[in-house]
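Note that these values count all heavy atoms, side chains included, but never hydrogens, waters or copies made by symmetry. By convention in this document, chain letters (A, B, ...) are assigned in the order of the sequence lines, proteins followed by strands, and residues within each chain are numbered from 1. All values derive from a computational prediction rather than experimental measurement.
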Amino acid sequence: MIIKIFGQLIDVIGKENLAFDVVEDTNALIKKLQEMYPPLTNLKYAIAINKKIIQNNTALKQDTEIALLPPFSGG
Amino acid sequence: MIIKIFGQLIDVIGKENLAFDVVEDTNALIKKLQEMYPPLTNLKYAIAINKKIIQNNTALKQDTEIALLPPFSGG
Amino acid sequence: MTEKNSKNIFFDGAIIASFIAEQIQKHSTKTNIGAHSIFLGQVRNDLIDDKKVAAIEYTTYKEMALEKMLEIREVIFDKYALTCMHIYHSLGKVNAGEISLFVFASSQHRRAAIDACNDVVERIKNELPVWGKEIFEDETYTWKQNTNG
Amino acid sequence: MTEKNSKNIFFDGAIIASFIAEQIQKHSTKTNIGAHSIFLGQVRNDLIDDKKVAAIEYTTYKEMALEKMLEIREVIFDKYALTCMHIYHSLGKVNAGEISLFVFASSQHRRAAIDACNDVVERIKNELPVWGKEIFEDETYTWKQNTNG
């Protein structure tokens with residue numbers, strides 16, 4: 001699966017599209033991301049699944065659209 | 001003294017500047033105006049003395065700037 | 001009373017879009033501004049007793065209105081952290097679809113500009129000695145009455 | 001999803017004053033409108049740790065942002081008696097003093113346009129996936145943080 005990365009998280013992860021082995025759910029995703037990119041642990045970000053921000057652990061599939069969103073600063 | 005007339009009151013009084021014998025105060029003025037122009041009795045208007053709307057009876061002199069102001073409708 | 005504050009707010013006829021654009025453009029040099037809030041009043045072709053409003057003709061008690069406007073400016077600048085505020089009101093005939101009021105408030109952060117603009121519009125409607133005569137298509141007229149919204 | 005509603009709100013680079021004037025001018029044919037409320041966000045040259053912001057570079061998650069904007073439009077049109085509403089947000093580089101956000105709400109009576117414009121600006125700042133990178137005069141940068149005012 002591909003994870004879209006935005007804003008300051010691009011500085012941390014180093015790319016805008018992160019290829020990733022499929023994981024079961026968003027909890028597993030967060031755990032694995034934090035192992036790979038320890039600075040994420042201290043950063044605030046939301047996860048969008050199919051263009052909606054999720055509040056709870058959510059199942060993932062190969063074709064799920066996943067994005068990591070740091071706090072918005074438009075306007 | 002001259003009384004400045006504005007808005008719909010011009011339709012009632014027929015002029016924009018009404019020459020008037022000096023009266024003592026605004027209560028006397030209102031009374032006299034209503035005698036001369038009976039429709040005024042049913043109209044809502046404020047009196048401005050020297051460009052300030054007055055709430056209470058106010059003394060008048062020959063050179064006092066007097067204006068009759070119907071409800072505002074700018075904007 | 002500074003020169004800046006004593007300026008005339010009245011505008012002969014409708015306020016045109018290119019004038020508004022010029023005013024906006026002028027503020028690009030004020031790089032401490034982060035937010036502009038603009039209110040535009042546009043003449044509606046209301047139906048009143050089956051007759052359509054074609055235009056509004058505005059008159060004012062100019063000396064009192066300018067004095068009142070200075071008072072309003074002072075209250076607003078005391079109340080909100082504004083960078084600047086500009087107000088223009090038409091006098092004379094403004095056709096339906098044209099703009100008769102332009103309020104333009106600017107500040108560093110958005111809350112001040114938005115709240116000040118809103119506050120000023122209410123004060124202009126309620127406190128400024130201006131009268132609108134609604135002229136119908138058949139050239140008869142009625143006197144405009146302001147509502148609260 | 002109507003054509004009108006699905007339109008792109010994003011604008012390449014700064015929003016220029018003449019574009020705003022054109023948008024205002026277009027509404028002169030809508031003679032049922034009595035009030036326009038406009039919000040403009042302008043890039044400030046803030047001092048951050050002694051360095052001056054020269055520009056903001058905006059990026060977005062476009063597919064999500066446009067979907068979110070449709071949701072916001074629906075909420076706003078349900079909540080306020082608007083005639084129309086137009087929103088434009090810059091992407092890419094916008095220099096200090098230039099405009100990056102243009103919200104334009106119109107209604108018959110002023111309350112709806114003013115309240116809707118204010119509401120939409122808050123939602124755009126809080127809910128739209130857009131990020132601003134503040135670029136300093138020396139070409140280093142920091143990521144913008146939105147405040148509540």
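Listed options D/Leu101, D/Ile124, D/Leu128, D/Thr59 were ranked by heavy-atom pairs under 4.5 angstrom with chain A; first place goes to D/Leu128. Note: A/Pro70 leads A/Ala46, A/Ala67, A/Pro70 in heavy-atom pairs under 4.5 Å with chain D. When the candidates D/Ser100, D/Pro129, D/Gly41 are compared by the number of heavy-atom contacts under 4.5 Å with chain A, D/Pro129 comes out ahead.
Heavy atoms of D/Glu71 lying under 4.5 Å from chain A belong exclusively to its side chain. For D/Glu127, the part lying under 4.5 angstrom from a heavy atom of chain A is the backbone only. For D/Lys144, the parts lying under 4.5 angstrom from a heavy atom of chain A are both the backbone and the side chain. Contacts of D/Thr142 with chain A are absent, with no heavy-atom separation under 4.5 Å from either backbone or side chain.
Counting only N and O atoms by type, the side chains of A/Thr26 and A/Asn57 include a donor and acceptor under 3.5 Å apart. For the residue pair D/Tyr61 / D/Glu67, no side-chain donor-acceptor distance below 3.5 Å is found, with atom types taken as modelled. If you check the side chains of D/Lys30 and D/Ser106, you find no donor sitting under 3.5 Å from an acceptor.
At least one donor-acceptor pair under 3.5 Å links the side chain of D/Ser107 to the backbone N or O of D/His109.
Using the six-membered ring where Trp is involved, D/Trp143 and D/Tyr141 have ring planes that are perpendicular, over 60° apart on the 30 and 60° scheme.
Annotation: cation-pi geometry satisfied between A/Lys32 and A/Phe20 (NZ/CZ under 6.0 angstrom from ring centroid, within 45° of ring axis).
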